[in-house]
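Here the structure is laid out as structure tokens; the discussion comes afterwards.
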Amino acid sequence: MSLCGFRQALEGSIVESCNYDPSVIEPKWQRIWEEQGTFYAREDTDKPKYYALIEFPYPSGEGLHVGHPRSYTALDVLARKRRLEGYNVLYPIGWDAFGLPTENYAIRNKVHPAKVTKKNIDRYRKQLKSLGFSFDWSREFSTTDPDYYRWTQWIFLKLFEKGLAYKAEIPINWCVSCKIGLANEEVVGGACERCGGEVVRKIKSQWMLRITAYAERLLQDLDTVDYIEKVKIQQRNWIGRSEGAEVDFQVAGSEHTIRVFTTRPDTLFGATYMVVSPEHPIIDELRDQIENFDEVAAYREQAMNKSDFERTELAQEKTGVPLKGVFAVNPCTRSEIPVWTSDYVLMTYGTGAIMAVPAHDTRDYEFAQKFGLPIVEVISGGDISKEAYTSVDDGILVNSGFLNGLTVKDAIERMIDWLEEKGIGKRKVHYKLRDWVFSRQHYWGEPIPLVECQDCGWVPVPEDQLPVELPDVEHYEPTDTGESPLAKIDWWVNTECPRCGKPAKRETDTMPNWAGSSWYFLRYTDPHNDREFASMDKLKYWLPVDWYNGGMEHTTLHLLYSRFWHKFLYDCGLVPTPEPYKKRTSHGMILGENNEKMSKSRGNVVNPDDIVAEYGADTFRVYEMFMGAFDQATPWSQHGIKGCRRFLDRVWRLQDILVDGDEYSPELETLMHQTCKKVSEDIERMKFNTAVAALMSLVNAFYDRGEVTRAEFRDFLVLINPFAPHISEELWERNGYEGQIASYKWVEWDETKAVEDMVEVPVQINGKIRGTVLVPRDAEQQDVRAKLQEDETIAKFVTGKQVTKEVYVPGRIYSLVVK
RNA sequence: GCGAAAGUGGCGGAAUGGCAGACGCGCUAGACUUAGGAUCUAGUGGGUUAUACCCGUGGGGGUUCAAGUCCCCCCUUUCGCACCA
């Protein structure tokens, strides 16, 4: 209390409370930052730019839980550090607000989705502001703003113009309960990603985006970006490039050929039958030749009605039907081989048909075994009476004419050459990546800005008529037919053709919510531009995003989609860089206290509002960073957060032991330099937990010493500021440091002062540590040896023994082997 | 099945091949208190015949003066993909 009075006298002002009270100081600083626009990014400075990005949230009805801010806090720490380092930082925030949950909620509660969205955004904004993130709120927008989705539509029209958006009648994944078409990526374990409901196949005319046209570049350019390795690996696997050959098989007694893709052309001599996918057009083409067409048609019917789940998960046992009367000619052996249809061959990959080499492919082997088809060994090295021999590393070609004696690798090359010479095949690369189903039969999404005219076909809505706004209507329930709710709104659907003026109809499907998130980071650079989606000047200044952190769950969807759009815009000359994100990292999930995923249904959700109310935002932020390794999943702990509050209480009370001094004290000089170095480096490596631990250790050291100099306290406050911005600014101000930390500078350290002069060197004898000796860091080996000889407990292991090996790693270890 | 990551005290977690368990939680004892779910001090991997020694990083081998860390084999868990020809 007396110290408190002392400070009051010193500052000549009334200090409201001597206790650390975040509920007072946090709103205070948040207000100051807002009023002063402290964290607004500017374009008119000479400072180097830094663009830090987090995945903008989907504002759900539930509000934030403590998992969401982990990413925001981490990049907030980084953004604040960068500003102190002299960068002009862009750390923006917005809302990814189109989407199904809001629409479903709106339907259930009879509130317009726009209203629900606004309410949810307001709640999220309030929550995020209470955590003190240094977002540039002046650039906030929502993907649902017409001013924003106008440009989403505009980019779509560019894609349409360049032939990258096309309509296709394809079987899509149809969720029975959502009544919506799903992208392959939205089907998880055969069920709808959103509702968990049953997914079946349904033929529908869909807008597709030709992302496959960019497959090779999306793959190649991964080498040019700094993404954590597991993201790159997942994207590579998702793109799934595979090299091989396409080969045409003649259908015996017919003009038809069946084209197959194979990665193992070396095994062509062992192709003893063929399989076509049930959807393969050749079945209809050969209808007259197929003796059992009814049986085949029935099988096809059955296969096409199966959901993907049934077709994969449940169909462990292979099924299939021969196309009786149809034979293909093996171009190598010239023998006629049977043709089957089976749903283990997918129409959506390769050519929808395969040559089956049961001796060297596990799936073909299984099929051949079941249906008694011949198995011919063409690569020696395995035992094909037991299982398929699939190794490509060893094994020598046999029973293969001109390939006999070759290794697999050589045989592949020889065979492709031979196929190309004969004109019956060629080298070919295929990708697992599929085109992007871009249509959704829903209300709450960006309308696809196209009009269908009987005479002109699909015609884009002219640029000056964008955005095509969603009609403000009462009803937007899905239709049972699978049409979009918009289809029922006649006044909106019926329009005239922009080209010929005749009556025409609008496209009633809307875009998936991956659309708005594919380019939002571009809009942040110039969010109020009403002439362009963003000006080239601003894009040139801010791009690429320097550091983008987000969840692993977005690796193959959002991240790939946005790279695709960005590359497309780059090709159009509309963005300055071929890649949007320079660096990508990923955070681990925060689990509930029971170690399970946090969810309403599990009842283990922790709301940040409660934590802020009880402990304060700074405690929350410090705990989020301290609780565990940033990239790993960690359970929330009510006990853990208390420890962080205790830490900040101790930080607050450092004022009581603050003493004059423009320098570090001699006792703590090394530790100060070490801590400045460690915290700085740990933030860069995302080792936030050990950075906080180092700060805790430093505070412990201040208390052990019993005092902290003003210079020490100043640099400590700078170090902790990114983690705990409110308390550090408050202590800065209360203790008479100049200005605000926000306009101060990051710490510096001296490498030579960050190492101890005297070090304790452990002494190891026959592999066991027997003690330590205190020596100067750069002591000579003989001096250390002499010193350890003086230490009785150590020396007793050496005296009278023969030393056979001696290793000294300066400052690290002294190791002896004795007999 | 394929791919990736991980397995360390009672708990969350630290450790460029160099004293395993930093830091925090929890716990034990003590101090101060009318009180303590506040604060401070000391202790806290296990064992034992305790200032010392032995054993300890999922299991088993190996390399090394030295292994949680590197190599080989195995087990378990989590995540992603899943008949991709």
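Scope of the values below: all heavy atoms of this structure, side chains included, with no hydrogens, waters or symmetry mates. Every chain is numbered from 1, with letters handed out A, B, ... down the list of sequences. The model shown is predicted, which means the values in this text are computed figures rather than measured ones.
- The side chain of Ser242(A) lies closest to A85(B), out of A85(B), A14(B), G26(B).
- When distances are taken from the side chain of Thr634(A) to each of G12(B), G3(B), A14(B), the shortest belongs to G12(B).
- Taking the six-membered ring where the residue is Trp, Trp340(A) and Phe371(A) present tilted rings, their angle falling between 30° and 60°.
- In the set A85(B), C40(B), G3(B), G3(B) carries the atom at the smallest distance from any side-chain atom of Asn237(A).
- Across all strands shown, G1(B) pairs with C81(B); the Watson-Crick or G-U wobble distances both stay below 3.5 Å.
- Base pairing annotation: U57(B) forms no Watson-Crick or G-U wobble pair, as no partner gives both donor-acceptor distances under 3.5 Å.
- Checking C83(B), A14(B), G3(B) against the side-chain heavy atoms of Ala629(A) singles out A14(B) as nearest.
- In this structure, the nucleotide among A85(B), G13(B), G3(B) sitting nearest to the side chain of Phe261(A) is A85(B).
- Pairing partner, U63(B): none, since no Watson-Crick or wobble contact has both distances short of 3.5 Å.
- Among the protein residues, Ile354(A) comes within range of the nucleic acid bases, having at least one heavy atom under 4.0 Å from a base atom.
- Between G80(B) and Arg236(A), no contact under 4.0 Å exists linking OP1 or OP2 to a side-chain N or O.
- Under the 3.5 Å distance criterion, with hydrogens and angles disregarded, no donor-acceptor pair is assigned to the side chains of Ser277(A) and Tyr349(A).
- The aromatic rings of Tyr344(A) and Phe367(A) sit tilted relative to each other, their planes meeting at an angle between 30° and 60°.
- Neither OP1 nor OP2 of A20(B) sits under 4.0 Å from any side-chain N or O of Lys768(A).
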Report, one line per pair, each donor and acceptor closer than 3.5 Å where one atom sits in a side chain of residues 625-641 of chain A; sequence neighbours left out.
from, atom 1, to, atom 2, distance (Å)
Thr634(A), OG1, Gln632(A), O, 3.3
Ser637(A), OG, His639(A), N, 3.2
Ser637(A), OG, Gly640(A), N, 2.9

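- In this structure, Asn604(A) contributes its side chain and Ser599(A) its backbone to a donor-acceptor pair below 3.5 Å.
- Set against C53(B), C81(B), C40(B), the side chain of Arg650(A) has C40(B) as its closest nucleotide.
- At the heavy-atom level, Asp649(A) lies nowhere under 4.0 Å from the strands shown.
- Annotated as anti: A4(B), whose glycosidic dihedral deviates from 0 by more than 90°.
- Atoms CZ (Phe647(A)) and C1' (C23(B)) sit 10 Å apart, rounded to a whole Å.
- One N or O on the side chain of Thr272(A) and one on the backbone of Pro374(A) form a donor-acceptor pair closer than 3.5 Å.
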Show each protein N/O and nucleotides 63-65 of chain B N/O combination with a separation under 3.5 Å, one pair to a line.
from, atom 1, to, atom 2, distance (Å)
C65(B), OP1, Lys805(A), NZ, 3.1
C65(B), O2, Ser815(A), OG, 2.6

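- Under the Watson-Crick and G-U wobble criteria, each requiring two contacts below 3.5 Å, nucleotide U76(B) is paired to A6(B).
- When both pairing distances are held under 3.5 Å, G24(B) makes a Watson-Crick or G-U pair with C11(B).
- Between the P atom of C83(B) and the NZ atom of Lys370(A) lies a distance of 17 Å, rounded to the nearest Å.
- Base orientation of G9(B): syn (glycosidic angle within 90° of 0).
- When only modelled atom types and interatomic distance are considered, Glu55(A) and His558(A) share no side-chain donor-acceptor pair under 3.5 Å.
- The partner of U69(B) cannot be assigned: no Watson-Crick or G-U wobble pair with both contacts below 3.5 Å exists in any strand.
- In the set C25(B), G12(B), A52(B), G12(B) carries the atom at the smallest distance from any side-chain atom of Phe626(A).
- Counting only heavy atoms from C-beta on, Trp238(A) has its side chain closest to C81(B) among C23(B), G13(B), C81(B).
- For U16(B), the base has a donor-acceptor partner in the side chain of Arg812(A) [N/O atoms by modelled type, under 3.5 angstrom].
- A cation-pi arrangement is present between Arg770(A) and Phe797(A) under the rule of less than 6.0 angstrom and at most 45 degrees off the ring axis.
- A31(B) is paired with U39(B) under the Watson-Crick or G-U wobble criterion, all donor-acceptor distances under 3.5 Å.
- The Asn700(A) side chain lies nearest to G24(B) when the options are G24(B), A85(B), C54(B).
- Candidate nucleotides C25(B), A14(B), G24(B) were compared by shortest atom distance to the side chain of His639(A), and C25(B) ranks first.
- Side chain to side chain, Tyr808(A) and Glu780(A) fail the donor-acceptor criterion of an N or O pair below 3.5 Å.
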